[in-house]
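First the structure, in the form of structure tokens, and then the observations on it.
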Number of protein chains: 2
Amino acid sequence: MTNMASGNTIAQVASLIGDAARANMLAALMGGQALTAGELARHAGVTAATASGHLAKLADAELLAVEKQGRHRYYRLATAEIAHAIHALMAVAAAGPKRHHPVGPRDEALRLARTCYDHMAGRLAIAVADSLHVGGHVTLSDGAGLVTEEGWRFLRSFGIALEPDAGTRRPLCRTCLDWSERRPHLAGRLGTALLDRVLDLGWVARQPETRALRITRAGEAGFTATFGLPASWWIAPQRHPGPAA
Amino acid sequence: MTNMASGNTIAQVASLIGDAARANMLAALMGGQALTAGELARHAGVTAATASGHLAKLADAELLAVEKQGRHRYYRLATAEIAHAIHALMAVAAAGPKRHHPVGPRDEALRLARTCYDHMAGRLAIAVADSLHVGGHVTLSDGAGLVTEEGWRFLRSFGIALEPDAGTRRPLCRTCLDWSERRPHLAGRLGTALLDRVLDLGWVARQPETRALRITRAGEAGFTATFGLPASWWIAPQRHPGPAA
DNA sequence: CCGACGCTTCGGCTCCGGCCGAAACAACCG
DNA sequence: CGGTTGTTTCGGCCGGAGCCGAAGCGTCGG
């Protein structure tokens, strides 16, 4: 209860993340949805009692925000910066010397399409980013993103209207290095808007208990028509699309 | 038991960073220079024996790279990704609302100009970024950076020649949110090139035992002439330059 | 009301991991 | 060659933190 949020040091933050149970909880929350204490306990593989302690610490340090709803308590990552830090740690962790990953079907679904806090990731997200890039709608050069005039028109026609300079300081269009594919996808406010829009259109659907996104029939048609993914893409999503491009 | 593989590895990395002594060492290495075990021990405030253990762990996990030189062992951050992760953690740790820091003269020097792994940070770096921005040499909109045609010419005349698409995947021009000032400065390959160039020109000099950069006489003249900093800047560097300016 | 359920608090156990001093290596320096 | 300095290894101490079961609160539902 001792809210010491103002005096956090880097070591304190890192050591909060640096416990297996808590890291699993945080990773689960990277899906962007708020989860209950019980769900998080299951994700972490500990009892409710243990999980409660962990969650109290994380909330106390303001890494998590909590919302009471009836007899449930919903936890979510408190800020986008925290998601960013966890993402950066994932990148470091995944960078290890060629851990040959035993890829299960479960991982396969995650690699295809998943949420990354508030935007899409995985092969689908990369394909969308590539499509916008080669279409001249955004420039992805240099790991940074910038929407072109043409791009604004295209996005509006797709149902996305962002104010170029909404009051927020939050970057409009960032690129985010994909954890599984090692290629950039779109993040920032644009990334959020894209995810919202394709969820709205019913092109993808969130899956319970996982960060994976299911691509619907409508989605297959929609992504093909709007972002020009070849029909073959849906049959044999290339294992390693190759950075060549 | 959801993908606990990723969680576990994250936890390992984070818990390595999540110790006060190790975090201090890593923070010291954010200056971008390699340091000896003894120097790092002093930075961490522990004995050589303790430091040695910590360094062995960090090197073992490949967060640090080590180089033997005579009877010294020089440690440095192993990759830019690791620097990035630490930076992200710093951002989270510093995010606590406005605890007014008791600013010592030491901090003051750091706020004025310092290195951030491989590029400049602090008020000087922000002034340079602002200058390049208002001069139309780079666009900083949206937290992303992009060099203009005009910008390339300017940089060449300043002695910086970067290949637009060198083989590396590393972003050419990123922006990095300044830890102390909360405004963006230039990172990426361009940021590195700028730091190298101003060190080469003798405009700034590294200080021993700290990340601070000392601005030389030549530097004052140079920055004023090339980046149009007003003479008043050197006398009373404004506390909060304000984004408008 | 009363039971079921979700979550937290409490008490106690265990063990991991940081810390140090002393001693062992290793490299340079007379 | 010893002596000095930088670094690692060893052994032992100790505190902190994670874990659980049981019990205590709230909240929902009948």
Side-chain angles (χ1 to χ4, degrees), chain A residues 1-4 8-29 33-61 63-76 208-209, chain B residues 1 4 7-8 10-29 33-61 63-76 208-209:
Chain A
M1 309 265 200
T2 53
N3 189 343
M4 65 183 316
N8 274 346
T9 69
I10 175 174
Q12 288 168 334
V13 173
S15 94
L16 280 172
I17 305 175
D19 169 85
R22 286 191 295 259
N24 282 328
M25 293 176 176
L26 292 167
L29 289 169
Q33 292 180 115
L35 300 175
T36 67
E39 286 172 317
L40 290 167
R42 257 172 281 127
H43 273 285
V46 294
T47 66
T50 304
S52 178
H54 285 311
L55 291 169
K57 283 182 190 175
L58 290 170
D60 193 50
L63 269 70
L64 296 186
V66 58
E67 203 171 334
K68 286 181 72 163
Q69 220 171 87
R71 52 185 168 184
H72 294 278
R73 266 176 147 81
Y74 281 91
Y75 289 89
R76 60 181 168 78
E209 298 280 317
Chain B
M1 52 153 75
M4 83 190 328
N8 273 342
I10 285 184
Q12 288 166 1
V13 173
S15 93
L16 281 172
I17 305 176
D19 169 85
R22 285 193 295 259
N24 283 330
M25 293 177 174
L26 292 167
L29 289 169
Q33 293 178 115
L35 301 176
T36 67
E39 286 171 317
L40 289 167
R42 256 171 280 128
H43 273 285
V46 295
T47 67
T50 304
S52 178
H54 286 312
L55 291 169
K57 283 182 190 175
L58 291 170
D60 195 50
L63 268 70
L64 296 186
V66 57
E67 203 171 333
K68 285 181 72 163
Q69 223 172 85
R71 53 183 167 184
H72 294 277
R73 269 179 158 76
Y74 280 92
Y75 290 89
R76 60 180 170 77
E209 297 280 317

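Per chain, numbering begins at 1; letters A, B, ... match sequence-line order.
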Any donor-acceptor N/O pair under 3.5 Å between D:dT7 base and B:Arg71 side chain = no
Give a yes/no answer on whether the side chain of B:Lys57 brings an N or O atom under 4.0 Å of OP1 or OP2 in C:dG18.
-> yes
Nearest-Å distance for atom pair CZ/C1', residues B:Arg42 and D:dT5 | 12 Å
Residue-phosphate contact under 4.0 Å: A:Ser52 side-chain N/O, C:dC7 OP1/OP2 | no
State which of D:dT8, D:dC20, C:dT8 makes the closest approach to the side chain of B:Ala37.
-> D:dT8
side-chain N/O B:Arg73 vs D:dG6 OP1/OP2, d < 4.0 Å | no
Starting at atom CD of A:Glu67, determine the distance to atom P of C:dC7, rounded to an integer number of angstrom.
-> 14 Å
What distance separates B:Leu55 CG from B:Thr50 OG1, expressed to the nearest 0.5 Å?
-> 10.5 Å
Measure across B:Leu29 and B:Tyr75 and return the closest heavy-atom pair with its distance rounded to 0.1 Å.
-> CD2-O, 3.3 Å
Per B:Asp19 side chain, nearest of listed nucleotides C:dG18, D:dG21, D:dC19 = C:dG18
Output the single nucleotide from D:dA22, C:dC20, D:dG18 whose closest atom is nearest the side chain of A:Ala49.
-> D:dA22
Of A:Val46 and B:Ala48, the one whose closest nucleotide on DNA chain D sits nearer the 5' end is B:Ala48
Rounded interatomic separation in angstrom, taking CG from B:Leu55 and C1' from C:dC19 = 15 Å
Heavy-atom side-chain proximity of A:Leu26 to A:Leu64 below 4.5 angstrom = yes
Would you check if the side chain of A:Asn24 reaches a backbone N or O of A:Ala20 as a donor-acceptor pair within less than 3.5 Å?
-> yes
Roughly how many Å is it from NE2 in B:His54 to C1' in D:dT8, rounded to a whole number?
-> 14 Å
What nucleic acid atoms does B:Tyr75 come within less than 4.0 Å of, heavy atoms only: base, sugar-phosphate, or nothing?
-> sugar-phosphate
OP1 or OP2 of D:dT7 less than 4.0 angstrom from a side-chain nitrogen or oxygen of B:His72, does that happen here?
-> yes
Here the distance between atom P of D:dT8 and atom CG of B:Leu58, to the nearest Å, is 12 Å
Name the closest nucleotide to the B:Thr50 side chain, picking from D:dT27, C:dC20, C:dC7.
-> C:dC20
To the nearest angstrom, the CG-C1' distance between A:Leu35 and C:dG6 comes to 15 Å
Between B:Arg22 (side chain) and B:Leu16 (backbone), is there a donor-acceptor pair under 3.5 Å?
-> yes
Euclidean distance, atom CD of residue A:Gln69 to atom P of C:dC7 [Å, nearest integer] = 12 Å
Find the distance B:Gln12:CD to C:dC16:C1' and express it as a whole number of Å.
-> 15 Å
Phosphate OP1/OP2 of D:dC20: any A:Thr47 side-chain N/O under 4.0 Å = yes
